Number of protein chains: 2
Amino acid sequence: MAEDRLSPVFSALADPTRRAILARLADGDATVGELAEPFAISLPAISRHLKVLEHAGLITRSRSAQWRTSSLEAAPLAEATAWMERYRRFWDANLDRLDAHLRRVQQAARAHENHEGKPS
Amino acid sequence: MAEDRLSPVFSALADPTRRAILARLADGDATVGELAEPFAISLPAISRHLKVLEHAGLITRSRSAQWRTSSLEAAPLAEATAWMERYRRFWDANLDRLDAHLRRVQQAARAHENHEGKPS
DNA sequence: GCCGCACTTAACCAACTAGCTAATTAACCG
DNA sequence: CGGTTAATTAGCTAGTTGGTTAAGTGCGGC
């Protein structure tokens with residue numbers, strides 16, 4: 001699982017501070033100081049959150065004089081949603097009954113091919 | 001951030017084993033043993049992955065005799081995608097130029113209201 | 001009633017994470 | 001050059017994660 005690009009993305013999104021940073025960057029690029037301002041945590045902490053986001057491919061960074069500006073990079077989010085899309089049918093109300101039906105059929109098929117007395 | 005329902009979901013999805021378990025459950029309910037079978041890790045390890053998924057609301061569990069069956073629960077995935085949807089415009093090719101334009105405008109506005117010599 | 005199966009809990013370990021303060025790098029400004 | 005500003009790196013701590021093996025629980029079958 002070394003070439004797994006999805007895990008760092010979900011892992012990055014698991015932190016509320018990092019999600020807030022992404023939300024802020026959706027309004028435009030920002031420096032580390034600007035990004036840190038709304039939070040009650042130290043600058044080094046923000047700096048490392050940014051490193052996590054960069055490693056996940058969710059931001060790119062550039063320097064100009066003594067300022068490092070971060071830019072939102074949404075491509076990994078597209079991959080992440082693509083993965084989740086496979087489950088959309090499980091929460092789409094219109095397909096709920098069809099879905100439940102299909103799952104029951106598939107389970108019956110599995111239970112049939114290896115009938116070991118396992119529960120339905 | 002105690003009442004944050006999104007973080008446990010993203011955190012659960014950050015592990016490839018857990019994503020594989022969800023993928024398996026999309027084909028129908030399964031017992032712990034069935035879920036463990038494709039992996040080279042111990043049963044207790046699977047058991048704890050399931051606990052993480054359950055805590056995130058991504059599965060529900062029921063017992064029947066000595067078997068515990070897990071069922072996929074996709075509602076939290078709907079919440080997670082809803083959060084990501086806010087960024088769809090950033091990767092949708094058709095909107096890329098409009099988007100870049102809007103961000104530039106917003107940045108210009110910010111730079112104007114507090115002109116401290118910060119970079120564009 | 002106790003044997004075995006399916007699974008969980010307990011106890012432990014190594015690696016990682018998120019936070020801190022202090023020190024360092026890098027660039028501009030006077 | 002020396003000081004200030006912006007940010008990173010270093011070194012620490014505490015808590016979490018993901019794995020292990022060994023022991024415990026709960027149920028059905030002989």
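Convention: sequence-line order gives letters A, B, ...; per-chain numbering from 1. Keep in mind that the numbers below use all heavy atoms, side chains included, and drop hydrogens, waters and symmetry copies. Owing to the predicted nature of the structure, the values given are computational and were not obtained by experimental measurement.
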Is Arg63(A) touching bases, backbone alone, or none of the nucleic acid, heavy atoms closer than 4.0 Å?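 Sugar-phosphate contact only - Arg63(A) comes under 4.0 Å of backbone atoms but never of a base.
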
On DNA chain C, does the nearest nucleotide to Leu50(B) precede the nearest nucleotide to Ala45(A) from the 5' side, or the other way round? Give the residue.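 This one resolves to Leu50(B).
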
By nearest nucleotide on DNA chain C, pick out whichever of Gln66(A) and His49(A) is the more 5' one.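 Its nucleotide being nearer the 5' end, the pick is His49(A).
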
Return yes if some donor-acceptor pair links the side-chain N/O of [X] with the main-chain N/O of [Y] below 3.5 Å, else return no.
{"X": "Arg68(B)", "Y": "Arg63(B)", "answer": "no"}
{"X": "Arg18(B)", "Y": "Ala12(B)", "answer": "yes"}
{"X": "Tyr87(B)", "Y": "Ala75(A)", "answer": "no"}

For [X] and [N], what is the distance between atoms [atom1] and [atom2] respectively, to the nearest whole Å?
{"X": "Leu53(B)", "N": "dT8(C)", "atom1": "CG", "atom2": "P", "answer": "12 Å"}
{"X": "Ile46(A)", "N": "dT8(D)", "atom1": "CD1", "atom2": "C1'", "answer": "14 Å"}
{"X": "Asp4(B)", "N": "dA18(C)", "atom1": "CG", "atom2": "P", "answer": "13 Å"}
{"X": "Phe39(A)", "N": "dG19(C)", "atom1": "CZ", "atom2": "C1'", "answer": "15 Å"}
{"X": "Glu54(B)", "N": "dT8(C)", "atom1": "CD", "atom2": "P", "answer": "9 Å"}
{"X": "Asp15(B)", "N": "dT17(D)", "atom1": "CG", "atom2": "C1'", "answer": "9 Å"}
{"X": "Trp67(A)", "N": "dA27(C)", "atom1": "CH2", "atom2": "P", "answer": "12 Å"}
{"X": "His55(B)", "N": "dG18(D)", "atom1": "NE2", "atom2": "C1'", "answer": "17 Å"}

Please check the phosphate of [N] (OP1 and OP2 only) for any side-chain N or O of [X] closer than 4.0 Å.
{"X": "Arg61(A)", "N": "dT8(D)", "result": "yes"}
{"X": "Ser47(A)", "N": "dT8(D)", "result": "yes"}
{"X": "Thr17(A)", "N": "dA18(C)", "result": "no"}
{"X": "Ser42(B)", "N": "dG19(D)", "result": "no"}
{"X": "Lys51(A)", "N": "dA7(D)", "result": "no"}

Applying side chain to side chain contact (heavy atoms under 4.5 Å, CB included) to Arg61(B) and Leu50(B), what does each step give before you reach the verdict? CA-CA 9 Å; Arg61(B) 316 183 70 189; Leu50(B) 292 175; 3.3 Å; yes

Atom of Ala26(B), atom of Leu72(B) and distance for their closest heavy-atom approach: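 So the minimum-distance heavy-atom pair works out to CA-CD2, 4.0 Å.
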
Do Arg68(B) and dA6(C) have a side chain to base donor-acceptor pair shorter than 3.5 Å?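 By the distance-only test, no, there is no pair.
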
By nearest nucleotide on DNA chain D, pick out whichever of Ile41(B) and Pro44(A) is the more 5' one.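 On the 5' side of the pair lies Pro44(A).
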
Out of dG19(D), dA7(D), dG28(D), which nucleotide sits closest to the side chain of Val32(A)?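 The nucleotide sitting nearest to the side chain is dA7(D).
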
